[in-house]
Amino acid sequence: MGTPLGGATIHSGLRVGAVMLDQDGTVLLAGPIVGEMLHRTPAETVGTAFEGYVAEGPGVAEVREVVEREGHWRGLVCLRRRDGGTVELALHASLVIGAEDRSYLVLNLVDTVHLRTLERRLAGLDALFEHSPVGIALFDTEQRYVHVNQALAHLNGHPVDEHLGRTAYELLPDEVARAVDRLQRTVLRTGRPIVDAVVPAADGGSRSVSYNRLTDVEGNVIGASCLVLDNTSRREALNKVERARERLLLLDDIGVAIGEHLDVREIAQSLTSALVPRFTDHADVLLFGEVLSGGELPGHGAPPHDALRHAGTASRAAVRREVGDERFPLDPESVVGKVLAGGRARIIDTAGARAELVGAGASDLGAACDPDVHSVLALPLRARGLVLGLLVLGRTDGTEPFDRDDLALATEFAGRSGVSIDNARLYARERDSALMLQRSLLPSRFPDPVGVSIASSYVPAASGAEVGGDWFDVIPLAGGRVAFVIGDVMGHGLRAAATMGRLRTAVRTLAGLDLAPDEVLRRVGELGDDLAEEDGDTPMATCVYAVYEPAPTVAPHLAERPGARRRGLLTVANAGHLPPLLVKEEPDGRRSVRELRLPSGTPLSVGVVPFESVQIEVEEGTVLVLYTDGLVEDRARPLGEGLARLRTEVREAAEGLRHEISLTPGTGLANMCTDVLEALDRGPGASDGADSTDNADDVALLLARLGGLPTGAAEAWTFTPEERTAGDARRSVRATLRSWGLGALEDAALLLVSELVTNALRYAEGTVGLRMVRNEHSVVVEVADTAQDAPSERTAAPEDEGGRGLQLVAGAAHRWGTRRGPEGKTVWFELLAP
């Protein structure tokens, strides 16, 4: 492409000027660019000798000589400017023949600074175009290739020459050509660039392409450029990253799934369910019997005592299969035997994988050995260097066989699961030990107090929680009285169970001293302080202690009223426990439930508030309900709502068993106990995790129907303080013993009654009460007065006139004791029936 005579700019950054000289070297014509280079106007240069501007380089004559000989001349010259400076220019000289064969010398002058910049740019573009690993192409407006580099030719599978002048439809498969054609048309029409669009490739892979529209200096569209990148490897890398991410997510999900349980079978089932279908088509967990039973595993190198058993299974092809108690004998030559013996995982990708895995003569090992399985992975489940069992995975036709990456990931699954299973085994052992200890400390059977029916239930916490320290007890007392106890040691585990046993023993011991309920709780609290001094930790516990005294009674204010139901006296003290409930039969036959309003007190060993006993009159037939917080506490609802629900369920259970309670008290109470537990989702099934509610705490429930003594089993009198009172008392006792056929006890009873009544008359004021209670084995005689000070036994000296009364009572009676009440004290003694 030539330069117009007179000078022009052929590039936006490159200046080119032209000068015409005659045969003498005089400037005939100079372009404006030349004037800019020399800092002169064209008029100032026309007519002057060009030789005068040359500062360095060949002269005009020398250049003309070369041009006439060779046709042109190229080189560098330095020309002077008006200001005295010089400018370096590239000069291209040629001859122009005019009229009459006159020759003229034409000089094209180019600014070398801009020229070198342009050369560097062009060299860089050429290098990028030819040597870039990215495919580059230029298209004209007809979408024909006009320039293609070697990288794109390699990607398209055709030489560079075959591209030029052709469209994508003439070189590429139709599917690829349609995608390229659509992108090219969009860019040429809209001018908006397309960046990193994915199109299919002829080799089955994919390409990332970017298009831009090309325009000239005037803005006319002259074609499009294209960059093509083979992203097959990049996509493979992304797929690997995504696969790794999915595997890490699966590993995390499995950790969460097995970490939520403390039961061996639940962990095994959670593991298999999490692996299918995300990692495998079939999964089975097989464990040694010692692991499932929580037994002790053999030491290193010792063979297990029991065969493998199914603990969990899952399959893509079927609904979860029920896991039975199948046992699989160990074949040392099978894959199972080798994996268990050597502790190394195995991949089996053979047509006989099923037979090779199980071994000769062995039974079906589970879902992983189904006939359609073509790849099997067998991994040992280990913890603390011991093999616990086996994880067997199987893939069916249509899925890739297991590879080394799968083996590494599955080994991580098995490692984590083995530790979790062993932790669950150890936890089960500790929990069973605590549960066994607790059950051994609870009463295996209750006494049979006269006139009182009892039903109870203890439900341990769910398998995911530790055993607590709940306990209850029923303690017969003298005179037909009965003590009811329920308590809850704060905390869980063996320590709580052991503390419960200590406290229960203490309560039973103190109950034998016939102390008031508040006094019993106070002394038990002091015992807790002593225990804290021994091991440095105060055993916090709540407790309710209640004593029921059936009618008739020696207390005058409880004397029977005509037409009224027989009543008893219930004395209760509370140490921070939940309030007891009383179920009463109303005159219309309905059952009402009320909560006993008691001073709540503080837990045992806290000692902030003194305990207080409360006496309540209860009609015979009333049901006392004692329970622990596990029955009503629920994280999903407030405690008050749980107590209200308990009252409702107790009322409904009592209504439903109204006739049973009346006719068969023991059976009715047992059914009532079961109904309440089931209505509150606290039955034995809930503790196994089978029901909707997992018991987070133990549940203890004690029901007692408070009846009276049988007719004729008790007699009571009240005497005014007179001289004949002791004689009246003796006559009443003699007549009663004879009517009971116990005349053999007459002498001892009269002697002891005379002594106790005489003491009451001497040291107390007011009336004196006398009561006799007969049971199957003995007779209890009680003397009550208004004095609060209890008598104490002492050894009298030979010269003392008195002080031998209680010695006499202690020597003649089988047992004797004293108890205080709100209106005085009662001294009693017991004589065994002959």
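Just so you know, these numbers use all the heavy atoms, side chains as well, and skip hydrogens, waters and symmetry mates. The first residue of the sequence shown is numbered 1, and numbering continues consecutively from there.
At a threshold of 4.0 Å, the pair Glu549-Arg771 counts as salt-bridged, since one of the basic side-chain nitrogens sits closer than that to a carboxylate oxygen. A salt bridge links Glu585 with Arg591: at least one charged nitrogen is closer than 4.0 Å to a carboxylate oxygen. Salt bridge annotation for Arg522-Glu519: present, with a cationic side-chain nitrogen under 4.0 angstrom from a carboxylate oxygen.
Residues passing the side-chain contact (heavy atoms from CB on, under 4.5 Å) test with Arg647 are Leu581, Val593, Glu595, Leu643, Ala644, sequence neighbours excluded. Partners of Phe472 according to the ring pair (Phe, Tyr, Trp, His ring centres under 6.0 Å) rule, which considers only residues two or more places apart in sequence or in another chain, are Phe446. Listed by chain and number, the residues in a salt bridge (Lys or Arg N to Asp or Glu O under 4.0 Å) with Arg645 amount to none (sequence neighbours excluded).
Across Val544 and Leu626, no two heavy atoms sit closer than the pair CG1-CD2, 4.0 Å. Contact between Ala726 and Val757 at its shortest, heavy atoms only, is CA-CG1, 4.0 Å. Nearest approach of Arg819 to Asp514, heavy atoms of both residues: CB-O, 3.2 Å. Here the closest heavy-atom approach between residue Phe829 and residue Ala749 is recorded as CZ-O, 4.1 Å.
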Does the side-chain contact (heavy atoms from CB on, under 4.5 Å) test come out yes or no for Val632 and Leu639, once each step is laid out? CA-CA 7 Å; Val632 294; Leu639 178 60; 3.8 Å; yes
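With no hydrogens or angles considered, a side-chain donor-acceptor pair links Ser592 and Glu586 at under 3.5 Å.
Distance check, rounded to the nearest 0.5 Å: CG of Leu832 to CG of Leu742 gives 11.5 Å. Once rounded to the nearest 0.5 Å, the distance linking CE of Met490 with OG1 of Thr542 reads 5.5 Å. The line from OH of Tyr627 to SG of Cys673 is 14.0 Å long, rounded to the nearest 0.5 Å. Rounding to the nearest 0.5 Å gives a distance of 9.0 Å between OG1 of Thr674 and CG of Leu701. Note that CG of Asp473 and CZ of Phe484 are 11.0 Å apart. Values are rounded to the nearest 0.5 Å. Once rounded to the nearest 0.5 Å, the distance linking CG of Asn574 with CG of Leu596 reads 9.5 Å.
More than 12 heavy atoms of other residues, nucleotides or ligands sit less than 6.0 Å from atom CD of Glu722. Under a cut-off of 6.0 angstrom, the local environment of CZ in Arg508 is crowded, with over 12 non-hydrogen atoms contributed by other residues, nucleotides or ligands.
Looking only at side-chain heavy atoms (C-beta outward), Pro476 and Val482 stay at 4.5 Å or farther from each other.
When the options Leu752, Val827, Leu737, Leu770 are evaluated for a side-chain contact (heavy atoms from CB on, under 4.5 Å) with Val781, the one that passes is Leu770.
Under a 3.5 Å cut-off, the side chain of Tyr548 and the backbone N or O of Gly707 do form a donor-acceptor pair.
Geometric assessment of Arg774 against the ring of Trp740 yields a positive cation-pi assignment under the 6.0 Å and 45° thresholds.
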